[in-house]
Amino acid sequence: MSKIGIDSIAFYVPQLYVSMDDLAERRGIPAEKLKRGLGLQKMSVPNVGEDVVTFASNALLNLIEQNNLNPNDIGRVYLGTESAVDGSKPSATYAVEIVENKLASKYGGRSFKHCDILDMTFACVGAVDAMHNSLDWVKQNPQRKAVIIASDVSKYDLNSTGEYTQGAGAVAILVAHNPAILAINDTWGIASKSEGDFFKPRRTYKKTELLKTVFKDLNLDTSDKKIEDFLNASSSEFWSDNNDLVEVFKEEPVFDGQFSNTCYSDRITEAIAHFNAQKKTDFTTQWQQFIFHLPYAYHGRRIIFNNWLNWINNTETYTVLENEVGRLETSDKKEWQKRAYKSQVYNEFINSKIVSGELASSEIGNMYTASIFMSFLSYLSYSLNTSKAITGDTVGFISYGSGSKSKVFEGTMQLNWASKLKDVQLFEYLENRTAIDVSTYEKIHRSQLETAVYDGSKIALDYIEKEDTNYGLRRYKVN
Ligand SMILES: CC(=O)SCCNC(=O)CCNC(=O)[C@H](O)C(C)(C)COP(=O)(O)OP(=O)(O)OC[C@H]1O[C@@H](n2cnc3c(N)ncnc32)[C@H](O)[C@@H]1OP(=O)(O)O
């Protein structure tokens, strides 16, 4: 049986960012909390006209062009996202349409005609689900190739505790036989439990209640009769449709950050145990690198700490730790854990097995579904730039999606991985982005700008149809 896994990888991140120093100053938060506490430096901001579709199409186009792929050879494009632009029409269809049009002169029209196109949603783990599913599909036939795109916008309310963990962008990977980058082993630790830690509900408002508030503010008659007369007489599209409720979808989630951290910790611990039950693993020695879903850069190192303590129990490392921070039995538990977390031994673990996967997250912020794949790309790019020998290394992946589910899996670095990285240039790209000030960011956040900031993006939303059976259909342009 041939190996199956990640053959090539590409990304797209918006050109605009806000620096954490600027955001912290404006919000009155110590910058050190964001930088040293959470590991944040910059946060990606989508330009006007950018959305999950433009990120996905850019990443798909980069994947095809950088690796000279023929769209006719790709049997699947599965998009993991929790920021879909439509409740029915997959965002993947828009992204593929843009790429098909762009490539028409080279491959003719509809070069993805026989490709299976789909969106998958499960908060931040949706793209891992798409890849898991596609690995099984690719396995059936040596000719099969699948593209997985992870694309998202992480948007929280202004002034909320989620605001500084925002970010945006996409990563696309090609899953194929005899992959150049990573062969993925067929052991999957899985843990699921329905939780309400983070979700994006359809919010409903009663029209009569909305009108009453407005009428009251305008000092008008708020009687039921007046409200009913207004609704009956109104010709506006908004007030006159025959539903008593206004349904609103907001990109900003309902969430409880600390509870979400607890769910993340519980699920990954269960999934790791499930993985270990299928394949007995000494994680601290057999995994050379840990790649996490990163809502913020330092999340992985914080969340894996208790598991690490369990893994080193009864080993030489535990004795070294005790020599450094004292014995748990003779200390206050919380104080001892704090010391252990800050110990040199744990720092060595972080530096050798986690840090290189955090670097891009510090520069971008949360990319939801794309975070774990960006963390992998960060590790690859860092290893390339520092000529680190990683061929044959085992990389462990720890994913999480709110709501909630974790999937834990591992892969082996392949001989030709570096050859697939030469055109990717992740850190070079991140270095050359454009900083915007907090006021401009806030205007973009509130949708108060109509035109793009600076040059705008190569691929952008052109307009949204307003007429009849095309109502709401999105039209994109390639500049
Ligand atoms: C969506 C998902 O992917 S689910 C998983 C996570 N959930 C989310 O991302 C939801 C959105 N984000 C959030 O809710 C929040 O931003 C969170 C939960 C990520 C962070 O919460 P906050 O209340 O802002 O931060 P928190 O209190 O945890 O502090 C962060 C760290 O900064 C440290 N810190 C605080 N002030 C300072 C300072 N002045 N200097 C240095 N470090 C500081 C804290 O000690 C803490 O580190 P520690 O736990 O190692 O001690």
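Predicted, not measured: the structure shown is a model, and the values here were computed from it. When a ligand or atom number is given, it counts from 1 through the structure's own listing order.
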Return a yes/no value for Tyr296: is any of its N or O atoms, backbone included, closer than 3.5 angstrom to an N or O of ligand 1? no
So, is Tyr400 polar-close to ligand 1, with some N/O to N/O distance under 3.5 Å? no
Where on Asp197 is there a heavy atom closer than 4.0 Å to ligand 1, on the side chain, on the backbone, on both, or on neither? neither
Could you establish whether Tyr298 and ligand 1 come within less than 4.0 Å of each other, counting only heavy atoms on the residue side? no
Which label fits Tyr318 and Trp336: parallel for a plane angle under 30°, tilted from 30 to 60°, or perpendicular past 60°? tilted
With a 4.0 Å cut-off on heavy atoms, does Asn366 reach ligand 1? yes
Member of Leu380, Leu63, Leu384, Leu377 meeting the side-chain contact (heavy atoms from CB on, under 4.5 Å) criterion with Val424: Leu377
Closest to atom 28 (O) of ligand 1 among Arg36, Gln166, Arg302 (heavy-atom distance): Arg302
Do His299 and ligand 1 have an N or O pair less than 3.5 Å apart? no
With ring centroids as reference points, do Trp287 and Phe275 lie under 6.0 angstrom apart? yes
Using 30° and 60° as the class limits, which term best fits the ring planes of Tyr264 and Tyr400: parallel, tilted or perpendicular? tilted
How many angstroms lie between atom OG of Ser151 and atom CE of Met367, to the nearest 0.5 angstrom? 8.0 Å
Test item, His293 contacting ligand 1 (heavy atom, 4.0 angstrom): yes
Protein heavy atoms: any of them under 4.0 Å from atom 40 (N) of ligand 1? yes
Return a yes/no value for Lys33: is any of its N or O atoms, backbone included, closer than 3.5 angstrom to an N or O of ligand 1? yes
Give a yes-or-no answer on whether the side chains of Gln414 and Lys3 include a donor-acceptor pair shorter than 3.5 Å. yes
Is atom 19 (C) of ligand 1 near the protein, in the sense that some protein heavy atom lies at less than 4.0 Å from it? yes
Which pairs count as side chain to side chain donor-acceptor pair (under 3.5 Å) when at least one residue sits in residues 446-460, sequence neighbours excluded? Glu50-Ser457
Tyr341 to ligand 1: N or O pair under 3.5 Å? no
Relative to ligand 1, is Ser371 under 4.0 angstrom through side chain, backbone, both or neither, heavy atoms considered? neither
Compile the donor-acceptor pairs under 3.5 Å between side chains in residues 166-173 and protein atoms, sequence neighbours left out, one pair per line.
residue	atom	partner	partner atom	Å
Gln166	OE1	Tyr156	N	3.0
Gln166	OE1	His445	NE2	3.3
Gln166	NE2	Glu163	O	3.1
Gln166	NE2	Tyr441	OH	2.8

